[in-house]
Amino acid sequence: MTTLTHPLPARFDLIVVGSGPNGTIVANEVYRRRTDVSILVVETGPEISANAGEHLIESPDKEARQAYERLMRLAKQIEYVQGSAADRQLTETLWSKEEVGIVPAAYLGNDMREFPGAAMAWNIGGMGVHWTAACPRPFGPEIPPAGDGDWDADLRTAQRLLRVDQTVFAANPFAHPVLDALRSALPAASADRSAQPMPIAGVPGPTGKVRRTGPRDIFPELFSDDDRARLVTGALCTTILHHDGVATGVVLRDVQSGQEVEIAAGAVVVAADALRTPQLLWASGIRPDALGVRLNEHASIDGGVVVDPVRIGATGMRIPEHPLDEPFIGAYWSPSNGADQPTQGQLMEQKSAETGHTIGMGWYVSTEIRPENRLEFSEHATDAVGLPRITARFSYSDRDLERIEFARGIQRAAANAVGDFDQEAAVLLPAGASLHYTGTVRMGAAEDGTSVCDLRGAVWGFDNLFVAGNGVIPTALTCNATLTSASLSVRTARSVLA
Ligand SMILES: Cc1cc2nc3c(=O)[nH]c(=O)nc-3n(C[C@H](O)[C@H](O)[C@H](O)COP(=O)(O)OP(=O)(O)OC[C@H]3O[C@@H](n4cnc5c(N)ncnc54)[C@H](O)[C@@H]3O)c2cc1C
């Protein structure tokens, strides 16, 4: 790991912008397949824990672990973001580039009034050091179109890299009765689509805590002294240099000193999240018609239920304790079922003195892909770091609102099977709150103005400029986005090598 205060080689074969899960997957896949390729990963944020790039739950710093657990116990991504900002006494007007961690996107000076839940990571490892790590698979119409390869094989590779496991909470005796109750309430056509343990990116630690996968687990060599793969931090990529449809390098700015350097590249991959990837392309004068257009996000309905042991046939069963630093004691998945049921449940189980034995009833509902929902980039105004100011345009269509009502019925049926459900407390979260935004640099089979890149992730008109991350997903997801984007990053790495 280095900063721009130390001299870097003038050229790398591959430069990846962003050290989150998607940037590190592309870099790792290239690194493993070719020993003669030099790789630079560029990250604007600083270290957030002692072992850079590891998930906060693994941090040797007790305070960081405890802060993660406390915020995660709120069991809502938006509360994690807002709680984290409040802890640091950040406000929309007080954010400065010295601040590390998760930040509401508006705090960087963007106009997020129509997408107020949106957030950005400003740290090594991106959101991948903060995430809950739920990794359900996309299904049916959610699966992106096939590229050169085999969707299932790329999905399996992504699951391996993220260490996706469905057994991490298997010791919880409530798993069987809870899942039985959910399956009776929501019958599914196949076992594959009926209620089941939530796949989680992580492995069980010795104390039962889930050691969640962070970018350091995906690509350990990137965080060691390795000549073939370098990580430069505190370096904001401000421009992708290009000429006649060929990316030639990047301009990097040292966040502290403001000093800029140009580094040449054989290929560039931008994996800077679904908001900042299109922003960087725009800033670099790469402006396909579809850039930022068709911003999509599943609607999130919150809710929770106190488990009734009588109702689920678990009378007398002992509720397990939380392992040290682990915010959950169980996690369940109620999958979507295609167009018939475009909604999934992510059900997180907890125990606390204040609220008792509870299961969070979070439901995600896919929404229509519409060009009205979009990011716009200013020609003149800039954000807090000097890149084009982003305005998000987002609303729900009548069909979205119907689906949300439908999902409420599914949520009610599931919750009432487990305990007494307080429907009034089940609120639709603000747009952006899922942190799973897609479509802003979407892939497509043809250069017809509705996509930014081809099915390999190559930006139209370029052979050596690629985009990766949730923004490339062209479908409307019900599921959490990371496993889907990670599978596409595996595909994109192959294209980079080709
Ligand atoms: C609290 C929380 C819970 C979550 N839970 C889940 C979950 O259960 N399941 C799930 O699927 N997803 C979840 N997510 C979302 C998940 O973390 C993201 O989908 C994932 O991290 C996206 O990976 P990425 O690499 O594309 O982007 P990111 O992880 O956002 O990384 C992008 C990186 O690019 C850097 N960057 C941006 N612009 C520049 C630039 N110009 N120059 C240099 N660097 C730049 C950023 O600093 C950042 O580090 C959660 C997120 C949070 C915060």
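Starting from 1, each residue takes its place in the sequence as its number. All ligand and atom numbering here is 1-based and tracks the order in the structure.
Residue contact check: Tyr80 has heavy atoms under 4.0 Å from atoms 1 (C) of ligand 1. The Gly469 neighbourhood of ligand 1 comprises atoms 26 (O), with distances under 4.0 Å to a heavy atom of that residue. Residue contact check: Gly128 has heavy atoms under 4.0 Å from atoms 21 (O), 29 (O) of ligand 1. In the vicinity of Ile102, heavy-atom distances shorter than 4.0 Å reach the ligand 1 atoms 53 (C). When each atom of ligand 1 is checked for a heavy atom of Ala271 under 4.0 Å away, the hits are 32 (C), 34 (O). Using a 4.0 Å cut-off to heavy atoms of Val42, the atoms of ligand 1 that qualify are 43 (C), 44 (N). Residue Ala133 has at least one heavy-atom neighbour below 4.0 Å for each of these atoms of ligand 1: 7 (C), 8 (O). If you number the atoms of ligand 1 from 1 as listed, the ones under 4.0 Å from a heavy atom of Gly126 come out as 29 (O), 31 (O), 48 (C), 49 (O).
Looking from atom 14 (N) of ligand 1 to the surrounding protein, the closest heavy atom is Trp131 CB, 3.8 Å. The single protein non-hydrogen atom nearest to atom 34 (O) of ligand 1 is Gly18 CA, 3.3 Å, given as residue, atom name and distance. Of all protein heavy atoms, the one lying nearest to atom 49 (O) of ligand 1 is Glu43 OE1, 2.7 Å. Given atom 20 (C) of ligand 1, the protein heavy atom at minimum distance is Thr482 OG1, 3.8 Å. Atom 26 (O) of ligand 1 has its closest protein heavy atom at Asn22 ND2, 2.9 Å. The protein non-hydrogen atom at the shortest distance from atom 21 (O) of ligand 1 is Met127 CB, 3.3 Å. Ranking the protein heavy atoms by distance from atom 53 (C) of ligand 1 puts Leu435 CD1, 3.3 Å first. Here the heavy atom of the protein found nearest to atom 3 (C) of ligand 1 is Gln77 CG, 3.2 Å.
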Please output the side-chain donor-acceptor pairs of residues 115-133 that fall under 3.5 Å, not counting sequence neighbours, one pair per line with the distance.
residue : atom : partner : partner atom : Å
Trp122  : NE1  : Lys97   : O            : 3.1
Asn123  : OD1  : His130  : NE2          : 3.0
Asn123  : ND2  : Gly126  : O            : 3.1
His130  : ND1  : Tyr80   : OH           : 2.9
Trp131  : NE1  : Gly128  : O            : 3.4
Trp131  : NE1  : Thr213  : O            : 2.8

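Under the 4.0 Å criterion applied to side-chain N and carboxylate O atoms, Arg211 and Asp325 are not assigned as salt-bridge partners. Salt bridge absent: Arg65 and Glu69 never bring a charged side-chain N and a carboxylate O closer than 4.0 Å. Note on Arg230 versus Glu221: no salt bridge recorded, every NZ/NE/NH1/NH2 to OD/OE distance being 4.0 Å or above. A salt bridge links Glu379 to Arg287: at least one charged side-chain nitrogen sits closer than 4.0 Å to a carboxylate oxygen. Taking a cutoff of 4.0 Å between a charged side-chain nitrogen and a carboxylate oxygen, Arg494 and Asp154 qualify as a salt bridge.
Note on residues 466-476: pairs passing side-chain hydrogen bond (donor to acceptor under 3.5 Å, both in side chains), not counting sequence neighbours, are Asn470-Ser485.
Remark: distances from the non-hydrogen atoms of His436 to ligand 1 include one below 4.0 Å. For Ala235, the heavy-atom gap to ligand 1 drops under 4.0 angstrom. Judged by the shortest distance from any of its heavy atoms, Ala121 lies inside the 4.0 Å radius around the atoms of ligand 1. A heavy-atom separation below 4.0 Å is found between Asn123 and ligand 1. Using a non-hydrogen distance threshold of 4.0 Å, Ser485 does not register as a contact of ligand 1.
Under 3.5 Å, the side chains of Asn373 and Glu297 contain no donor-acceptor pair of N or O atoms. The closest side-chain donor-acceptor pair between Glu142 and Thr478 falls under 3.5 angstrom. Donor-acceptor pairing under 3.5 Å is recorded for the side chains of Ser19 and Glu43.
Note: an N/O pair closer than 3.5 Å links Pro21 and ligand 1 by distance alone. Remark: ligand 1 and His130 share no N or O pair separated by less than 3.5 Å (distance only, no angle test). An N or O contact shorter than 3.5 Å is missing between Gln346 and ligand 1 by distance.
For Glu98, the CD atom counts as densely surrounded, since its 6.0 Å shell holds more than 12 non-hydrogen atoms of other residues, nucleotides or ligands.
With contacts defined as side-chain heavy-atom distances shorter than 4.5 Å, the pair Val250/Thr239 does not qualify.
Between Phe328 and His322, the ring center distance fails the sub-6.0 Å criterion.
Among Ala119, Gly20, Ala272, the residue whose heavy atom sits closest to atom 37 (C) of ligand 1 is Ala272. Residue Cys237 holds the heavy atom nearest to atom 41 (N) of ligand 1 of all those in Cys479, Gly53, Pro215, Cys237.
A cation-pi contact, defined as under 6.0 Å to the ring centre and within 45° of the axis, links Arg193 to Phe139. For the pair Arg389 and Phe377, the cation does not sit on the ring face, since its NZ or CZ is not both under 6.0 Å from the ring centre and inside 45° of the axis.
Residue-level proximity to ligand 1 for Thr24 is absent, since no heavy atom of it falls below 4.0 angstrom.
Using modelled atom types, one side-chain atom of Thr440 and one backbone atom of Ala274 make a donor-acceptor pair closer than 3.5 Å.
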